[in-house]
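Here is how names work: the chains are called A, B, and so on, in the same order as the sequence lines, proteins then strands, and each is numbered from 1.
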Protein chains: 2
Amino acid sequence: MKARNGTEPTTGTTDSGNPARVDSSTIYSRIFDAIVDHKLPPGTHLKEDELCDLFGVGRTRVRSALSRLAADHVIELVANRGAFVASPSVEEAREVFRARRVIEGHLIRRAAERRNPPMQQALTEHLHGEHTAREAGDTAQVIRRCSRYHQLLADQADSPIMAGFIRELIARSSLIVAIYEKSKPDKCEIDEHRLLSDLVLAGRADEAAALMDRHLQGIEDRLDLKRESGTINALSQSLGFN
Amino acid sequence: MKARNGTEPTTGTTDSGNPARVDSSTIYSRIFDAIVDHKLPPGTHLKEDELCDLFGVGRTRVRSALSRLAADHVIELVANRGAFVASPSVEEAREVFRARRVIEGHLIRRAAERRNPPMQQALTEHLHGEHTAREAGDTAQVIRRCSRYHQLLADQADSPIMAGFIRELIARSSLIVAIYEKSKPDKCEIDEHRLLSDLVLAGRADEAAALMDRHLQGIEDRLDLKRESGTINALSQSLGFN
DNA sequence: CTAACAATCATCGTATACAATATTTGTCCG
DNA sequence: CGGACAAATATTGTATACGATGATTGTTAG
């Protein structure tokens with residue numbers, strides 16, 4: 001199973017102090033991150049038994065984690081058939097980006113109004129890491145840094161409920177990009193994280209919100225959302241029918 | 001247990017065709033509705049065994065439903081202690097209403113842009129039912145109708161993901177009102193559902209969004225959000241310490 | 001009477017075994 | 001060879017039993 005790549009269990013201590021077992025939150029986070037980082041492609045079957053073997057735990061913890069992942073819409077639970085990494089439709093894709101523009105637009109304004117030295121440090125460090133990963137050609141780390149930048153920014157708005165919504169929307173965006181991306185980000189888009197941070201840290205809320213809107217629109221415009229269904233078309237492309 | 005009131009199980013068929021059992025979705029919906037309708041107050045302990053007896057099912061289904069309710073933040077699962085109807089803090093309360101103003105503001109605009117005869121019928125019928133319940137002094141039905149009006153409106157915007165966020169926010173609002181409400185809605189607030197519908201059905205998106213903002217602010221202003229913690233103060237009030 | 005401790009009980013967490021359902025494989029027939 | 005059907009296998013769903021944890025009650029000492 002592909003899930004073996006990059007999701008090896010560790011034997012760190014769990015919250016409950018048991019050194020041999022990972023708890024369901026860890027399982028959840030591992031799978032969530034693997035999905036957001038494009039390590040588990042849309043449609044991947046997540047079999048309970050394999051996850052149990054992989055994490056060295058019983059089914060209860062695995063099922064609890066899978067249930068939470070389903071609540072976040074990053075996997076789909078199909079009765080009697082199992083858990084699959086979600087494959088968002090074109091309609092979902094459009095709404096996810098619209099929802100992000102609405103909510104992230106609001107949150108970035110609040111962040112700009114609340115700028116402070118710890119925020120500056122957090123954003124600056126993150127961008128430095130992003131830049132370093134790009135220079136190093138570390139694709140996996142670039143993907144990680146880019147997707148987490150938006151979450152970091154949302155977390156600066158003192159709005160944990162909406163930051164939670166954004167968390168879900170970012171994960172779904174990641175799946176959407178995996179399915180529908182037809183071109184890589186250009187230089188302008190790559191620079192936009194820095195520009196966004198500059199505007200936020202300068203307290204220019206209106207401009208930050210407007211740039212966020214354009215930034216998200218730009219990501220959406222890179223997607224081929226005219227296709228009826230991503231996974232079916234990916235299959236027919238693989239088989240040479242296009 | 002208070003949950004007995006109004007949550008008697010029925011023996012309707014489940015999706016799996018087994019006539020004797022209710023499935024976890026039904027359990028989820030029953031409890032969710034009871035919470036939104038103020039039949040299960042904040043802090044209520046939802047014991048697995050009692051729910052199993054009540055619905056005539058095993059623990060697996062009950063736990064699945066409780067897990068989903070926790071994902072919606074309408075209950076809190078406390079390790080080794082059980083499930084309790086959530087008791088939102090003052091900070092949560094403020095954010096919930098802010099989030100509703102952001103998201104419902106967006107959705108009502110879309111609804112106004114999309115008005116059509118089925119929408120008109122749905123909104124009109126709902127308001128009629130709300131009016132009828134008020135005339136009849138049917139408090140429970142009034143509460144039901146009022147909280148479901150916002151969901152109905154959100155569902156007109158062809159935005160299922162955000163309608164899902166609103167669903168959660170409405171449920172949390174209901175809990176917040178149960179804890180923090182210091183005065184009943186006045187006549188102006190009561191009329192606002194009709195005014196909102198009129199504006200939506202007239203396609204006046206900007207005015208509808210502005211009224212929705214004021215409407216939600218009005219609900220928030222009726223709450224006593226200066227209290228540190230609703231449940232502790234409710235207890236000290238009950239014991240005559242205030 | 002109050003506080004501390006122990007015992008008991010209630011409730012949740014989880015492992016194991018079995019049931020139910022879907023998928024895959026094998027066999028047979030036209 | 002392809003299609004239909006049956007059997008075997010894989011995987012999820014659930015019941016039951018036991019373990020773990022927290023809450024409540026009872027007892028004792030100061």
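A close approach under 4.0 Å does occur between a side-chain nitrogen or oxygen of B:His45 and OP1 or OP2 of C:dC12. Taking only side-chain nitrogens and oxygens, B:Arg63 comes nearer than 4.0 Å to OP1 or OP2 of C:dG13.
Contact check on B:Lys182 versus B:Asp221 returns no salt bridge, with no Lys/Arg side-chain nitrogen under 4.0 Å from an Asp/Glu carboxylate oxygen. Ion pairing between a basic and an acidic side chain is recognised when a charged N comes within 4.0 Å of a carboxylate O; B:Arg145 and B:Asp138 show no such pairing.
Distance, A:Leu77 CG to C:dA22 P: 16 Å, rounded to whole Å. Atom pair A:Leu51:CG and D:dT12:C1' shows a separation of 13 Å (rounding to whole Å applied). A straight line from CG of A:Asp53 to P of D:dT12 spans 12 Å, rounded to a whole angstrom. In this structure, A:Leu46 atom CG and D:dT11 atom P are separated by 13 Å, rounded to whole Å. In this structure, CZ of A:Phe55 is placed 19 Å from C1' of C:dA15, rounded to the nearest angstrom. With rounding to whole Å, A:Asp49 atom CG is found 13 Å from C:dT16 atom P. Atom CD of B:Glu48 and atom C1' of D:dA20 are 14 Å apart (whole Å). Distance, A:Lys47 NZ to D:dT12 C1': 12 Å, rounded to whole Å.
For the atom pair NZ (A:Lys47) and CG (A:Leu66), the distance works out to 13.5 Å, reported to the nearest 0.5 Å.
Side chain of A:Thr60, nearest nucleotide from C:dC12, D:dT12, C:dA15: C:dA15.
Counted by atom type alone, B:Arg81 and B:His45 present zero donor-acceptor pairs between their side chains at under 3.5 Å. Between A:His106 and B:His106, the side chains place no donor N or O within less than 3.5 Å of an acceptor N or O (distance only, hydrogens not considered).
Listed by residue number, the members of residues 79-86 of chain A with any heavy atom below 4.0 angstrom from DNA chain C are A:Asn80, A:Arg81.
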From CA spacing to verdict: side chain to side chain contact (heavy atoms under 4.5 Å, CB included), B:Arg98, B:Arg94: CA-CA 6 Å; B:Arg98 177 158 52 85; B:Arg94 292 193 195 283; over 6 Å; no

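For A:Arg59 against D:dG13, a side-chain N or O and a base N or O form a donor-acceptor pair under 3.5 Å.
Here the side chain of A:Arg222 pairs no donor or acceptor atom with the backbone of A:Glu181 at under 3.5 angstrom.
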